[in-house]
Engineer: 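The structure follows.
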Amino acid sequence: MFGILVVAHGDLANLFLDTAKKILGEECPAASAFPIAWDADFSAVKKSLEKTLKKMKESNHSVLVLTDLFGGTPTNLAMTFYEKGKVEIVTGINLPLLIKALLIQKNGVEMDDALQELRSKAQEAIVLVSEVMEGR
Amino acid sequence: MASSTEITLKNKLGLHARAAAKLVNLAGKYHSHITISTPQLCADAKSILGVLTLAAGKDTLLRIEADGPDHGEAIDSIVELIEGKFGEE
């Protein structure tokens, strides 16, 4: 099984994870949030993230890091720890993506097999309501 | 080895996120292939994102179909969940 780490600006990481857990009604013990405060010191946060990832790799073999914004600090920091098959990063998190990731994790699917599916499900979940309404 | 039924959603919030998760969890306990349909769309009852795309609000008529060894029990328990308003009200 892989661990899931949500890395995002401000309180977003905790909010995403809490919301997904609330919806699924589960504890999701192998998923954590790594909030990055607006005024955080870059090098201190980098060290702390490294430590968190190391711990997660030890207990879960590999880690799926979900970040909020490509080009933003959380993603830039996470990218410095990218390791093929060990620390994979998907950026542009949305709630459907996180829910799907938690379900895939629970079902014991390997992370490598899940990445493409995760991306497509998250993209499909962005819906123009006008198209749905007009299709009715 | 298949059965189906229709039921109207009576809970205030319809098939919202937590209700959908409960339904998907329940459906996942059965071996049968189960689908939930509105008059417009059809979704795999074991996929939360699929069930959410139904966007089924209060008073939507749902059709539940199950095909497999435990189709009867699957339908009964899903109907019970919906009739019980997902344990919310």
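Lettering follows sequence order; numbering is per chain, from 1.
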Engineer: Under 4.5 Å between side-chain heavy atoms, counting indirect links through other Ile/Leu/Val/Met/Phe/Trp/Tyr residues: same cluster for B/Ile36 and B/Leu41 or not?
Structural biologist: yes
Engineer: How close do A/Lys22 and B/Arg18 get, counting heavy atoms only, and between which atoms?
Structural biologist: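 Closest pair (atom of A/Lys22, atom of B/Arg18, distance): O-CG, 3.5 Å.
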Engineer: Should we count NZ of A/Lys47 as having more than 12 external heavy atoms under 6.0 Å?
Structural biologist: no
Engineer: Report yes or no: do A/Ile99 and A/Leu66 belong to one cluster of Ile/Leu/Val/Met/Phe/Trp/Tyr joined by side chain heavy-atom distances under 4.5 Å?
Structural biologist: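 Looking at the clustering, A/Leu66 is in the same group as A/Ile99.
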Engineer: Name all pairs fulfilling the side chain to side chain donor-acceptor pair (under 3.5 Å) condition that reach into residues 34-45 of chain A, sequence neighbours left out, sorted by first residue then second.
Structural biologist: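 Listed by first then second residue: A/Asp41-A/Ser43.
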Engineer: Which bit of A/Leu103 is near chain B, if near means a heavy-atom gap under 4.5 Å: side chain, backbone, both or neither?
Structural biologist: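 Side chain of A/Leu103 only, per the 4.5 Å heavy-atom cut-off to chain B.
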Engineer: In Å and rounded to the nearest 0.5 Å, what is the CG to CG distance from A/Leu95 to B/Leu52?
Structural biologist: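 The CG atom of B/Leu52 is 9.0 Å from CG of A/Leu95, to the nearest 0.5 Å.
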Engineer: Are A/Val109 and A/Leu98 connected, step by step, through hydrophobic side chains (Ile, Leu, Val, Met, Phe, Trp, Tyr) whose heavy atoms are closer than 4.5 Å?
Structural biologist: yes
Engineer: Which bit of A/Leu24 is near chain B, if near means a heavy-atom gap under 4.5 Å: side chain, backbone, both or neither?
Structural biologist: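 Both backbone and side chain.
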Engineer: Which residues in residues 20-29 of chain B have any heavy atom closer than 4.5 Å to a heavy atom of chain A?
Structural biologist: B/Ala21, B/Asn25
Engineer: Contact part of A/Glu124 toward chain B, heavy-atom cut-off under 4.5 Å: side chain, backbone, both or neither?
Structural biologist: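 Nothing of A/Glu124, per the 4.5 Å heavy-atom cut-off to chain B.
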Engineer: Should we count CG of A/Asp11 as having more than 12 external heavy atoms under 6.0 Å?
Structural biologist: no
Engineer: Counting only heavy atoms not in A/Lys46, do more than 12 fall under 6.0 Å of its NZ?
Structural biologist: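 No - once you tally the heavy atoms of other residues, nucleotides and ligands closer than 6.0 Å, there are 12 at most.
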Engineer: Are A/Leu102 and A/Phe34 connected, step by step, through hydrophobic side chains (Ile, Leu, Val, Met, Phe, Trp, Tyr) whose heavy atoms are closer than 4.5 Å?
Structural biologist: no
